[in-house]
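The structure presented is a predicted model; accordingly, all values stated were derived computationally and were not measured. Side chains included, hydrogens not; waters and symmetry mates left out as well; all remaining heavy atoms used.
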Amino acid sequence: EWQGITFAELRTAADAVSQSLLDRGLGADRPVMILSSNSIDHAILSVAATQVGVPVVPVSPAYSLMSQDFAKVRHIFDLVKPGMVYAAGLEAFGPVVASLDLTDVELVVSTAPADGTAATMFTDLRATAPGPDVETAFATVGPDSLAKILFTSGSTGMPKGVINTQRMMCANQQMLVQVWPFLQS
């Protein structure tokens, strides 16, 4: 069954989560690492982080769900040194999360851990009241601000990070509109 969210709901949720990320001291040097398939919470977290200058590092679910040693995930984790790791649920992502040294890294989940693992619920981030810090941080984000770090497939070794700036993401959206003009309507 499809889940949905309106743009207004996304904005409200993203502002709340943005405030929670700022409250935790996340920023360019403390990004958010995402271990999750696509979901509404994943989208909210991505928008919330990028709008206030907190880079997101979405990791291919295959690295978490098909691997037995989680070497690629640990490699990415060690490179980016996230301040927060988001995993939709530990029933699927628990083994990879357990392989990471989460000392000084907050674990956030959308589904409560059945095994009692200490984690912050994503609903707690969404319950944060946004303050003026969100607009202040938003105003500092510019075209050359780091938005995402995407990792290569690692087919010839360990994955390599590819920096994506806000400008690059906007250029991509402009290209899509030029190729598919119906997207403007």
Side-chain angles (χ1 to χ4, degrees), residues 1-22 24 26 31-67 70 72-73 76 80 82 84-98 100 106-115 117 119-130 134 138 141 147-154 159 162 164-166 168-185:
E1 188 172 318
W2 284 89
Q3 293 180 331
I5 187 169
T6 67
F7 283 109
E9 292 167 337
L10 175 62
R11 172 67 195 264
T12 299
D15 285 351
V17 174
S18 291
Q19 183 66 57
S20 70
L21 299 178
L22 295 172
R24 289 162 166 78
L26 300 180
V32 174
M33 185 171 168
I34 299 175
L35 304 174
S36 174
S37 300
N38 291 329
S39 69
I40 300 291
D41 288 350
H42 181 156
I44 292 168
L45 181 57
S46 293
V47 170
T50 57
Q51 79 174 357
V52 293
V54 178
V56 293
V57 183
V59 177
S60 170
Y63 294 168
S64 300
L65 303 176
M66 297 174 64
S67 173
F70 310 119
K72 290 181 179 180
V73 176
I76 293 167
V80 301
M84 177 183 286
V85 170
Y86 168 76
L90 296 184
E91 58 280 347
F93 294 94
V96 68
V97 167
L100 303 173
E106 184 174 11
L107 174 63
V108 176
V109 296
S110 289
T111 305
D115 66 357
T117 299
T120 301
M121 294 299 298
F122 190 74
T123 52
D124 294 341
L125 274 60
R126 287 186 66 171
T128 305
V134 173
F138 179 82
V141 174
K148 289 184 178 188
I149 304 172
L150 298 175
F151 278 82
T152 63
S153 67
V162 179
N164 285 243
T165 64
Q166 295 282 349
M168 293 166 74
M169 292 191 339
C170 289
N172 186 32
Q173 294 305 301
Q174 180 61 35
M175 181 274 309
L176 288 173
V177 167
Q178 287 175 325
V179 171
W180 296 316
F182 67 87
L183 292 174
Q184 287 184 347
S185 47

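- Considering only residues two or more places apart in sequence or on other chains, A129 meets the side-chain contact (heavy atoms from CB on, under 4.5 Å) condition with none of them.
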Validation: residues 172-179 side-chain donor-acceptor distances under 3.5 Å, sequence neighbours left out:
none

Result block: side-chain N/O donor-acceptor pairs under 3.5 angstrom for residues 45-59, not counting sequence neighbours:
residue : atom : partner : partner atom : Å
S46     : OG   : H42     : O            : 3.1
T50     : OG1  : S46     : O            : 2.9
T50     : OG1  : V47     : O            : 3.4
Q51     : NE2  : D15     : OD1          : 2.9
Q51     : NE2  : S18     : OG           : 2.9

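- Annotation: ring pair (Phe, Tyr, Trp, His ring centres under 6.0 Å) contacts of F122 (sequence neighbours excluded): Y86.
- When the side chain to side chain donor-acceptor pair (under 3.5 Å) test is applied to T120, the partners found at least two apart in sequence or on another chain are E106.
- The CG atom of L10 lies 5.0 Å from the CD1 atom of I5; values are rounded to the nearest 0.5 Å.
- Taking the side-chain contact (heavy atoms from CB on, under 4.5 Å) definition, one finds that T128 meets it with Q19, S20, D23, sequence neighbours left out.
- How far CD of E91 is from OG1 of T111: 5.0 Å, rounded to the nearest 0.5 Å.
- Using a 4.5 Å heavy-atom cutoff, the side chains of L125 and R24 are in contact.
- Residues passing the side chain to side chain donor-acceptor pair (under 3.5 Å) test with E9, sequence neighbours excluded: T6.
- Taking the side chain as every heavy atom from C-beta outward, V17 and V108 never approach each other to under 4.5 Å.
- We find the CE-OG1 distance between M121 and T123 to be 4.5 Å, quoted to the nearest 0.5 Å.
- Heavy atoms only, all atoms of each residue included: A87 and F93 are closest at CB-CB, 3.9 Å.
- For the side-chain contact (heavy atoms from CB on, under 4.5 Å) test, residues two or more places apart in sequence or in another chain that qualify with T117 are L90, L107, P113, D115.
- Residues V80 and F151 are in side-chain contact: their nearest non-hydrogen atoms beyond the backbone lie under 4.5 Å apart.
- One finds the CD1 atom of I44 at 4.0 Å from the CZ atom of R126 (value rounded to the nearest 0.5 Å).
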